Amino acid sequence: MSDHRFAVVIVAGGRGTRAKLARPKQYAPVGGMPLLRRTILAFANHPDVGQIQVVIGDTDLDLYHDATAGITGLLPPVTGGKNRQASVKAGLQALLADPPSHVLIHDGARPFVSEATISAVMAALSSAEGAIAALPVADTLKRANAASGIEETVPRDRLWRAQTPQGFRFETILEAHRKSPDGSATDDASMLEALGIHVALVPDDPENFKLTYGEDFVLAEKLLAGAMETRTGLGIDVHAFEPGDAVTLCGLHIPHTHKLKGHSDADVALHAIADAIYGAIGDGDIGEHFPPSDDKWRGAPSSVFVEHARDRLIARGGSLTHVDLTLVCEAPKIGPHRETMREAVAEMLKVQQSRIAIKATTSEGLGFTGRREGILAQAVATVQLPA
Ligand code: MG
């Protein structure tokens, strides 16, 4: 599978009127995040997905930009056609600029697709031209009409519900779309079936459902409530004093008898906060993301590091619950600046000030902080992450 290059086309061009929401359903919030953003992140966070091509409605560009803020590496969105089939075709044609070997096609309104399902569809493409995620039918099926009621029980034996992603060799599905009469297909696999090409089935899980009606959004909220886990991270940093007249702490310029020595602005407080967030999401540390050997960060404001950590958290579908920072030094006095510092950090992290705690203590004259040789900062970050 290693020689395969996978792209994904995410179809989000519909109006979603059946959900009866104020805006197209793919931009409605689920668990505090636009539905489409959640779907895109499922693929952006998969290690084997390369290009991500989203197909949107012709009046949705602003909504799309809001919904995808901070997600890097997406191809520019393309506008969909008059039905799903035409929208998929538009997405496939956009990929011709740099054709992948294989493409997954996914409904924008299925945000709960698992990494395992995406991987299983990819793996099935080693031995098939097409492969789709599907669920065996569990309920007894009746054919009925509104007037006379049940006409017959339909055997559910060998019946499956087609879901997405549906994966294909790129050339094969593009050719099938070119040959198919416009608008007749409700999924992509049926086009290969019509050409007599074998399509493999990959058993999916029921959580990968398509949000169609208002009640689906209620169900999605219930699912998400149990799907987040709490994590904490610890960040510790030390910077030494050197001759100067002010220190930078939490982005604030505080007059002092010395300055802090360091490659960036030496904001020991923000360094501890950034490392605490990296720690909570298991994403290395500040030195890995911003190597001191790189001259680009000389004198940089440390808010850059905190904002980077925040964006990495958000990109994982997480959110920040709380930051608790402790500064250890004999001087300068932190108390008079505490509220301004909280405000500044809250602004960087885009959370309410009530989620930021800043404390200060001395070490009673003991150790390097007691000898006034530098400042020690410790931060604990608490975050919510998809389990
Ligand atoms: Mg540092």
Side-chain angles (χ1 to χ4, degrees), residues 231-314 320 322-335 337-338 340-351 355-363 366-383:
R231 301 239 202 127
T232 54
L234 173 66
I236 298 177
D237 198 28
V238 171
H239 280 262
F241 287 126
E242 63 179 9
D245 57 10
V247 295
T248 303
L249 292 173
C250 296
L252 261 65
H253 210 59
I254 299 172
H256 187 50
T257 53
H258 290 77
K259 69 196 269 281
L260 288 170
K261 185 178 171 186
H263 185 69
S264 62
D265 62 4
D267 192 327
V268 66
L270 292 187
H271 295 183
I273 290 173
D275 263 355
I277 297 171
Y278 291 130
I281 60 177
D283 188 15
D285 58 26
I286 215 169
E288 185 188 324
H289 295 292
F290 300 93
S293 56
D294 190 339
D295 247 13
K296 196 160 60 173
W297 311 117
R298 186 170 298 282
S302 296
S303 54
V304 170
F305 312 144
V306 172
E307 285 160 4
H308 178 265
R310 174 202 70 196
D311 288 346
R312 303 280 285 196
L313 165 66
I314 291 171
L320 183 81
H322 190 248
V323 163
D324 181 14
L325 172 77
T326 302
L327 289 163
V328 186
C329 57
E330 304 291 326
K333 286 236 173 303
I334 303 302
H337 306 287
R338 186 201 313 270
T340 323
M341 287 179 173
R342 288 178 73 202
E343 199 179 318
V345 173
E347 172 62 27
M348 282 170 221
L349 291 171
K350 301 276 181 254
V351 296
R355 295 186 183 275
I356 308 295
I358 295 178
K359 315 194 302 294
T361 185
T362 71
S363 56
L366 298 173
F368 69 88
T369 54
R371 293 188 299 270
R372 299 171 184 253
E373 293 167 1
I375 298 181
L376 166 73
Q378 292 203 34
V380 174
T382 307
V383 307

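We count ligands from 1, going down the list as the structure has it; atoms in each ligand are counted the same way. Just so you know, residue 1 is the first one in the sequence shown, and it goes up from there. All values derive from a computational prediction rather than experimental measurement.
- Side-chain N or O atoms of S302 include none that pairs as donor or acceptor with a backbone N or O of F305 at under 3.5 Å.
- Summary: ND1 is the N/O/S atom of H271 found nearest to the Mg ion (ligand 1).
- No donor-acceptor pair closer than 3.5 Å links the side chain of R310 to the backbone N or O of L349.
- Rounding to the nearest 0.5 Å places NE2 of H308 at 11.5 Å from CD1 of I277.
- Aromatic ring centres of H263 and F290 lie farther apart than the 6.0 Å criterion allows.
- Taking the N/O/S atoms of D237 in turn, the shortest distance to the Mg ion (ligand 1) belongs to OD2.
- The N, O or S atom of H239 with the smallest distance to the Mg ion (ligand 1) is NE2.
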